[in-house]
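No hydrogens, no waters, no symmetry mates; every other heavy atom, side chains included, goes into these values. Residue numbers run from 1 in the order of the sequence given.
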Amino acid sequence: MDIILKNALVAHEDQPVRAADIAIEGERIAAVEPGITAEAGETIDCGGRLVSGPLIDPHVHLDAVLTANLEPNVSGTLHEGIANWAKQKKIRDLESVKARARQAIDWEIAQGAGFIRTHADTSDEGQLSMRALLEVKDEVSDRVDLQIVAFPQDGIHSHPGGPELFVRALDMGPDVIGGIPHNEATREAGVASLKLIFDEAEKRGLLIDAHCDEVDDPNSRFTEVMAHETYYRGMQGRVTASHCAAMHSYANAYAFRLFGWLERGGLNVIANPFDNLILLAREDTYPKRRAMTRVKELWQAGITVGIGHDSIMDPWYPLGRGDMVQAASLTLHVCQMSGMAEIDACFDMVTWKNAEILALEDYGVAPGCRADLAVFDAASKADVLRINPACTHVFKRGKLVAATTPASRTVMGQSVDLTLGN
């Protein structure tokens, strides 16, 4: 064996956490069982720490990260963020976009991420975002896997030549096709944009991940169109609707009817708590809406739900550090998912549920899986979300790519261990 992780607590999908050793040979996990005695090139004692598949960020905009200070969003609104981004797109350059993206990627890796799906704005003629992120994808492939989404930030049918511009971006080779139907001028144009997206995805054999109903308007109902197209075309599991924030404002009778179509169509949903909580429901006085999609109810209905970070210090959100545990914790609180099974479900939404959304193969902690692993200084899924501990080791294809030494805490000279709980 190349590496053996001793005394681990293994978190694999929805199975109970169990004590075991993990043997790694090459890029794969060779064994997960107690008391492995095989010789290894390196042995790491996990000391009862939790080991899972790495964290996954299924929704971020790496072409815009770390730009918040270039054009501050004074009002903090979605509309000013869009306007500021339009200004920035005219003055940015390839190398600065790449440098900021690499920095944010390393932040995420250091905190346990092994897979990232990033949207690349395709609304400019030069396709700078797509060019930059395609290059970054290759440059960081030794430590993280990137999926790139062709994302028409300004819409497809909202300006002359939009469809042709979008198709040219698709020819550059993204992994996923994106969209933003609620940003089109009319309902009809939004539906037409989704038809184009689905047609291109079928033709090219690509996944779909569209920003959908990221508004407070209860009449914004493009999620139902995506569910129908997914079901009708037999694309179950390959299509994702991101945000779906208008679902927070739907009447219950409509929302629960919609859940049936989402489940039938196998449509995935990604919640993005940082941006949606900050940007939406700004016109409300009190009571004020949370403006998050219905994560708890979707999960209870058996729909695959993931959690994304979305923005990291960009025109829409001036904070953030690429911490997916924090994103899961925020979702837990705002969606009132405090039951033990619900807490574990929030951890699952940033690990193997996101892996399902990204259509990853061989993800997890089981023999035959790729040796992509994260070791957390905690003893359970719930403790990861409670403490937000250090991710002590991050492995990519059997290689250690990041390591963190846990903080030492003392009170009156006595060591304090936050993992004890009682």
Original post:
Between Lys195 and Glu229, is a salt bridge (Lys or Arg N to Asp or Glu O under 4.0 Å) present by the stated rule, with each step listed?
Top reply: CA-CA 8 Å; Lys195 296 282 189 180; Glu229 291 294 327; 2.6 Å; yes
Original post:
So Met349 and Leu332, side chain to side chain contact (heavy atoms under 4.5 Å, CB included) or not? Walk me through it.
Top reply: CA-CA 11 Å; Met349 289 176 194; Leu332 180 160; over 6 Å; no
Original post:
Does the salt bridge (Lys or Arg N to Asp or Glu O under 4.0 Å) test come out yes or no for Glu224 and Arg221, once each step is laid out?
Top reply: CA-CA 6 Å; Glu224 67 180 11; Arg221 297 186 173 187; 5.4 Å; no
**OP:** Could you walk me through whether Val305 and Lys353 pass the side chain to side chain contact (heavy atoms under 4.5 Å, CB included) test, one step at a time?
**Re:** CA-CA 7 Å; Val305 183; Lys353 285 299 181 181; over 6 Å; no
**OP:** Using the side chain to side chain contact (heavy atoms under 4.5 Å, CB included) rule, take Trp316 and Asn73 through it: C-alpha gap first, then chi angles, then the decisive distance, then the call.
**Re:** CA-CA 7 Å; Trp316 297 275; Asn73 187 335; 5.6 Å; no
**OP:** Just do the salt bridge (Lys or Arg N to Asp or Glu O under 4.0 Å) check on Arg143 and Asp106 with the steps written out, would you?
**Re:** CA-CA 9 Å; Arg143 56 189 185 273; Asp106 283 344; 3.0 Å; yes
**OP:** Take Ile357 and Ile270 through the test side chain to side chain contact (heavy atoms under 4.5 Å, CB included) and record every step on the way to the result.
**Re:** CA-CA 9 Å; Ile357 290 172; Ile270 293 175; 3.9 Å; yes
Original post:
Can you check salt bridge (Lys or Arg N to Asp or Glu O under 4.0 Å) on Asp171 and Arg168, steps first, answer last?
Top reply: CA-CA 5 Å; Asp171 290 339; Arg168 288 203 302 274; over 6 Å; no
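Between Arg28 and Asp362 there is a salt bridge, since at least one side-chain N of the basic residue sits less than 4.0 Å from a carboxylate O of the acidic one. Between Arg282 and Asp216, none of the side-chain N atoms (NZ, or NE/NH1/NH2) sits under 4.0 Å from a carboxylate O, so this pair counts as no salt bridge.
Formation of a donor-acceptor pair under 3.5 Å by the Thr404 side chain with backbone atoms of Ala390 is not found in this model. Looking at Lys288, its side chain does come within 3.5 Å of a backbone N or O of Asp284 through a donor-acceptor pair. Between the side chain of Arg238 and the main chain of Gly205, a donor-acceptor pair closer than 3.5 Å is present. Side chain of Glu263 to main chain of Phe259: no donor-acceptor pair is present (N/O by atom type, distance under 3.5 Å, no hydrogens or angles). The main-chain N or O of Leu418 is found under 3.5 Å from a side-chain atom of Arg386 such that the two form a donor-acceptor pair. Not a single donor-acceptor pair under 3.5 Å links the side chain of Ser158 to the backbone N or O of Glu184. Side chain of Thr331 to main chain of Ala327: a donor-acceptor pair is present (N/O by atom type, distance under 3.5 Å, no hydrogens or angles). Counting only distance, with no hydrogens or angles, the side chain of Glu71 and the backbone of Trp85 share no donor-acceptor pair below 3.5 Å. Remark: side-chain polar atoms of Asp21 are paired, donor with acceptor, to backbone N or O of Asn7 under 3.5 angstrom.
Side chains of Asn388 and Asp323: a donor on one and an acceptor on the other come within 3.5 Å. The closest side-chain donor-acceptor pair between Ser311 and Asp314 falls under 3.5 angstrom. Looking at Asp213 and His243, their side chains never bring a donor and an acceptor atom within 3.5 Å of each other. Asp209 and Ser242 are linked by a side-chain donor-acceptor pair at a separation below 3.5 angstrom, with hydrogens and angles left out of the test. Looking at Arg100 and Thr67, their side chains never bring a donor and an acceptor atom within 3.5 Å of each other. Under the 3.5 Å distance criterion, with hydrogens and angles disregarded, no donor-acceptor pair is assigned to the side chains of Arg257 and Asn252. Between the side chains of Gln326 and Arg321, no donor N or O sits under 3.5 Å from an acceptor N or O.
The distance from atom OG1 of Thr118 to atom CG of Leu62, rounded to the nearest 0.5 Å, is 3.5 Å. Put simply, CH2 on Trp299 and SG on Cys335 are 12.0 Å apart, with the number rounded to the nearest 0.5 Å. Separating the CD1 atom in Ile156 from the CD atom in Glu164 is a distance of 11.0 Å, to the nearest 0.5 Å. For the atom pair OG of Ser249 and CG of Asn219, the computed distance is 10.0 Å after rounding to the nearest 0.5 Å. Separating the CZ atom in Phe395 from the CD atom in Glu27 is a distance of 14.0 Å, to the nearest 0.5 Å. Atom CD1 of Ile278 is separated from atom OG1 of Thr77 by 12.0 Å, given to the nearest 0.5 angstrom.
Annotation: side chain of Ile208 is in contact with side chain of Phe198 (closest heavy-atom distance under 4.5 Å). Side-chain contact between Leu206 and Asp175 is absent, with no heavy-atom pair separated by less than 4.5 Å. Inter-residue side-chain proximity for Thr351 and Lys381 is flagged as unmet; no heavy-atom pair is nearer than 4.5 Å. For the pair Val97/Ser129, no side-chain contact is recorded, criterion being any heavy-atom separation below 4.5 Å from C-beta on. With a 4.5 Å cut-off on side-chain heavy atoms, Val60 and Ile312 count as touching. Between Phe115 and Asp372 there is a side-chain heavy-atom pair separated by less than 4.5 Å. By the 4.5 Å heavy-atom criterion applied to side chains, Ile29 and Arg370 are not counted as neighbours. Residues Arg102 and Glu139 meet the side-chain proximity criterion, which asks for heavy atoms closer than 4.5 Å.
Gly308 approaches Pro58 most closely through the heavy-atom pair CA-CD, 3.6 Å. Of all heavy-atom pairs between Thr392 and Arg49, the closest is CG2-NE, 3.8 Å. When all heavy atoms of Gly237 and Asn268 are compared, the closest pair comes out as O-ND2, 3.3 Å. Nearest heavy-atom pair, Ile307 versus Ala328, reported as atom, atom and distance to 0.1 Å: CD1-CA, 3.9 Å.
Counting heavy-atom neighbours within 6.0 Å of Lys98 NZ, excluding the residue itself, gives a total above 12. For Lys90, the NZ atom is loosely surrounded, since the number of other residues' heavy atoms within 6.0 Å does not exceed 12. Within a 6.0 Å radius of CG in Asp93, other residues, nucleotides and ligands contribute more than 12 heavy atoms. Within 6.0 Å of atom NE2 in His159, more than 12 heavy atoms from other residues, nucleotides or ligands are found, so the atom counts as buried in its surroundings.
Across Val239, Thr240, Thr304, a single residue satisfies side chain to side chain contact (heavy atoms under 4.5 Å, CB included) together with Leu267, and that is Val239. Of the residues listed (Arg92, Arg131, Lys89), the one engaging Asp121 in a salt bridge (charged side-chain N to carboxylate O under 4.0 Å, His left out) is Lys89, and it is the only one.
For an aromatic pair to be called close, the ring centres must be under 6.0 Å apart, and His59 with His61 satisfies this. Side-chain rings of His211 and His182 stay apart, their centers remaining 6.0 Å or farther from each other.
Arg294 forms no cation-pi arrangement with Tyr250, by the criterion of a distance under 6.0 Å to the ring centre and an angle within 45° of the ring axis.
Ring geometry for Tyr317 against His309 counts as perpendicular: the plane angle is over 60°, on a 0 to 90° scale with 30° as the lower cut.
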